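All values below come from the heavy atoms of this structure, side chains included, with hydrogens, waters and symmetry mates left out. Treat the numbers as computed from the prediction; the structure is a model and nothing was measured. Atoms within a ligand are numbered from 1 in the order they appear, just like the ligands themselves.
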Amino acid sequence: MAKKFYITTPIYYVNARPHIGHAYTTIACDTIARRQRMMGFETWFLTGTDEHGQKIQRAAEAAGKPPQQLTDEVSAEFRALWDRMGITYDDYIRTTSDRHKRGMQELWRRIRDNGYIYKGSYTGQYCVFDELYVDSAGPGEPCPVCGRPTETVKEDNYFFKLSAFAEPLIQLYTSQPDFIRPETRRNEVIAFVRSGLRDQSISRSTFSWGIPVPDDPKHVIYVWLDALANYVTALGYGSSDASKYEKFWPADVHMIGKEIVRFHCVYWPAFLMAARLPLPKSIVAHGWLLFEESKMSKSRGNIVRTETILEVLGADALRYFLLREVVFGQDGSFSFDALVQRYNSDLANGLGNLASRTLAMITRYFKGEVPYPSHAAAHTPEEDMVAALARHTIAEFHELFEQYQFSRALELAWALVAAVDKYIVENEPWSLAERSDENSRARLATVLYTSAEALRIVTALAHPVMPDATAKIWVQLGLGDIKKFSLTDLRWGQLHLGTKLGKVEPVFPRADKSAIERMQQMEEQQKTPPGATEAQSASAAQAGAAQGAAQGASQGPAPLNKPAEAANADGKITIDDFSKVELRVAQVKVAEKVKGADKLLRLEVDLGYEVRQIVAGIAEAYAPETLVGRKVVIVANLAPRKLRGLESNGMIVAASLGDGRPVLAGFLEDVPVGVRLK
Ligand code: MSP
């Protein structure tokens, strides 16, 4: 019977467009899936999108679109990106699909019929950003996970008897130490469960964007139960054809980011235990990709788009960089400089150079045919050392990969690249080629055979990480389609004599400084919507200085960006013009002075569905500490601008007094964050 392997990514929320943080998880899974296939496993790799819940409903409202339209658009964007990157997913699940809804409802019925669901009422705090019930917070208190303000929820809900599973969960974690990886996450989960589990609300009744609860459609299923169920519904659980489910469930690996460990390691196994279904074999959590020192996320406005890197350096470069540079499980920083540096040192000068010099010399000195390595006089201990190192690399690489230590595995393989480079330099095949005696010729053959064989081994090992470039090198080595190669067979000395090389071409052209500039420019351009004029940019920059609300309607300086034809002859605007300005209530979470700028404050304001950074010229009128917790009005749909190197994503509305002093707009009544002013 074929060995089977089932791996999943988290399903991505469709309130944000894909960035390299999402790509990181997907790349890790794709690499593992490719390797498992090369190891002979029948592999199923699932990804998809998480499309229900209050967060998505609010994002759709903010975008002025029906939620189904927003989810269709963003889900398609994720999928198109994975296709463009050559991600080898076998299935793409969407939680708004019928197959998922059907399977989810079946899972609900099963848990209910087993006696683990009851009706109750919930009064407590809820974090919409994390879609998390926060039992520990009081009204107005922040979410302990993301720091955003929680909202008070008072609803009749269905509850899941999570409290019944504390013991079985502890039993699971202790009897299967590899269930949660890495160890640090496992310890956190154990501590959390030991601290006591309360029953969990698993439905919502104050909004409708979700899957109706079976037999009680006034309720929709809690989005995390809905989302987690994708791992079985995608296999056909609850449908008439459950053959995939029978074949691939339980999953071998649920790969996730560290922020969603609790949902996967506590709630998901408890739901499955309640349904009496088999549990996944392991849950592996990686760290965050940081950019400019904080977690890359849409709400912080510090994302890097994958497309930019694909266009300039290609998917293989990004894949290699992320897996080599970031210690898996820990947080790691992304920068364009580091990316290009790693690309040049390890790929252009490393593997790329080894491939082109070795293959070019075989082409030149042996008419493009792998030469015969001497076992006699022309053989030295140096060849034995390269062979021994290669054997060690094959064995260790495998071990490290099994432990998800991608970075160390690649480091090891590249140590072999460096050793072969040194071997070539020391043995000077180009000088040997100039001599016509038999011994030099035999030595030349041995040196080039040894180099080519080491190249073959690194290429095979690196294939799951860099599928395109390694497939090309494989063809250049004359070995055909690398997909047909079985990694379990990889041994030293398999390169056949006389193998005819393919056409030798460079696979990693060197990148110069302009590559960094190009990528930076492409990201900057993305932030400024096309068609924005200089004047618009200037006015947006002033926006940070709290000039007044909609500029066309304010008492402030004449609007720089108002196209003449947008206003009526009497200077008045229409309601349609006004409705283009998205004014919203936001709460200040962080306020601090901007170094070297007397007038500017850097604010982080919460909109309920996201937190933004705004740079505002109000430092002379407001001390930062007086602003934290205050509700303000912002223009939410202003093009982002950079002020003093900081991105300002919106503008705070204020009255501008005669001396130019700003006075922030506010409300007498308490108003929830995120609501729109119309
Ligand atoms: N929809 C939930 C997951 C439900 S799974 C049943 C969700 N979605 S998400 O889009 O917010 O994040 C999904 C995953 O994207 C994270 O778990 C993580 O793997 C990845 N990342 C998003 N931003 C990231 C970084 N900045 N860095 C690394 N990974 C990141 O949570």
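- Distances shorter than 4.0 angstrom occur between a heavy atom of Trp224 and an atom of ligand 1.
- Listed by number with element, the atoms of ligand 1 under 4.0 Å from a non-hydrogen atom of Lys295 are 23 (N), 24 (C), 25 (C), 26 (N).
- On a distance-only criterion, Ile11 and ligand 1 share at least one N/O pair closer than 3.5 Å.
- Tested against Phe334 for a ring pair (Phe, Tyr, Trp, His ring centres under 6.0 Å), the candidates Tyr24, Trp288, Phe321 yield a single pass: Phe321.
- Residue contact annotation: Ala16 has no non-hydrogen atom under 4.0 Å from ligand 1.
- Among protein heavy atoms, atom 9 (S) of ligand 1 sits closest to Tyr13 CD1, 3.7 Å.
- Residue-ligand proximity: Glu131 is placed with every non-hydrogen atom at 4.0 Å or more from ligand 1.
- Among protein heavy atoms, atom 27 (N) of ligand 1 sits closest to Leu289 N, 2.8 Å.
- The closest donor-acceptor contact from the side chain of Arg342 to the backbone of Ala317 lies at 3.5 Å or more, if one exists at all.
- The closest approach between any non-hydrogen atom of Lys258 and ligand 1 is not below 4.0 Å.
- In this structure, the side chain of Thr150 engages the main chain of Glu141 through a donor-acceptor pair within 3.5 Å.
- Considering both main-chain and side-chain atoms, Glu259 comes within under 3.5 Å of ligand 1 through a nitrogen or oxygen pair.
- Ranking protein heavy atoms by distance to atom 20 (C) of ligand 1, first place goes to Thr25 OG1, 3.3 Å.
- Atom OH of Tyr126 and atom CG of Asp135 lie 12.0 Å apart (nearest 0.5 Å).
- Nearest protein heavy-atom contact of atom 23 (N) of ligand 1 is His19 CE1, 3.4 Å.
- No N or O atom of Asn230 sits closer than 3.5 Å to an N or O atom of ligand 1.
- Ranking protein heavy atoms by distance to atom 22 (C) of ligand 1, first place goes to His22 CD2, 3.7 Å.
- Protein heavy atom closest to atom 24 (C) of ligand 1, with residue, atom name and distance, is Gly21 CA, 3.6 Å.
- With rounding to the nearest 0.5 angstrom, the CE atom of Met522 is 9.5 Å from the CD1 atom of Ile309.
- The side chain to side chain donor-acceptor pair (under 3.5 Å) test with Glu42 singles out one residue from Gln36, Lys247, Lys4, and that residue is Lys247.
- Note on ligand 1: Phe263 sits outside its first shell, no heavy atom being nearer than 4.0 Å.
- Asp178 has its side chain out of reach of Ser282: every pair of non-hydrogen atoms, C-beta onward, lies at least 4.5 Å apart.
- Here's the thing with Gly287: none of its N/O atoms is less than 3.5 angstrom from an N/O atom of ligand 1.
- Aromatic ring centres of Phe271 and Trp224 lie farther apart than the 6.0 Å criterion allows.
- Residues Leu197 and Val266 have side chains in contact (heavy-atom distance under 4.5 Å, counting atoms from C-beta outward).
- Taking the centre of each ring, Tyr158 and Tyr222 stay at or above the 6.0 Å mark.
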**OP:** Run the numbers on Tyr267 and Phe160 for ring-ring contact (aromatic ring centres under 6.0 Å, His included), then give the verdict.
**Re:** CA-CA 10 Å; Tyr267 300 165; Phe160 171 67; 8.4 Å; no
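- The distance criterion of under 3.5 Å between nitrogen or oxygen atoms is met by Met296 with respect to ligand 1.
- Considering backbone and side-chain atoms alike, Gly257 places an N or O below 3.5 Å from some N or O of ligand 1.
- Here the heavy atom of the protein found nearest to atom 14 (C) of ligand 1 is Tyr12 CE2, 3.7 Å.
- With a heavy-atom cut-off of 4.0 Å, Met255 does not touch ligand 1 at all.
- Remark: the backbone N or O of Ser243 is paired with a side-chain donor or acceptor of Asp241 at under 3.5 angstrom.
- With a 4.0 Å cut-off on non-hydrogen atoms, Asp50 touches ligand 1 through its side chain and not its backbone.
- With respect to atom 6 (C) of ligand 1, the closest heavy atom belonging to the protein is Tyr231 OH, 3.5 Å.
- Residues Arg305 and Thr308 meet the side-chain proximity criterion, which asks for heavy atoms closer than 4.5 Å.
- Residues Asp130 and Glu259 have side chains not in contact (no heavy-atom distance under 4.5 Å, counting atoms from C-beta outward).
- Taking distance alone, with nitrogen or oxygen atoms compared against 3.5 Å, Trp288 stays at or beyond that limit from ligand 1.
- Residue contact check: Ala227 has heavy atoms under 4.0 Å from atoms 6 (C) of ligand 1.
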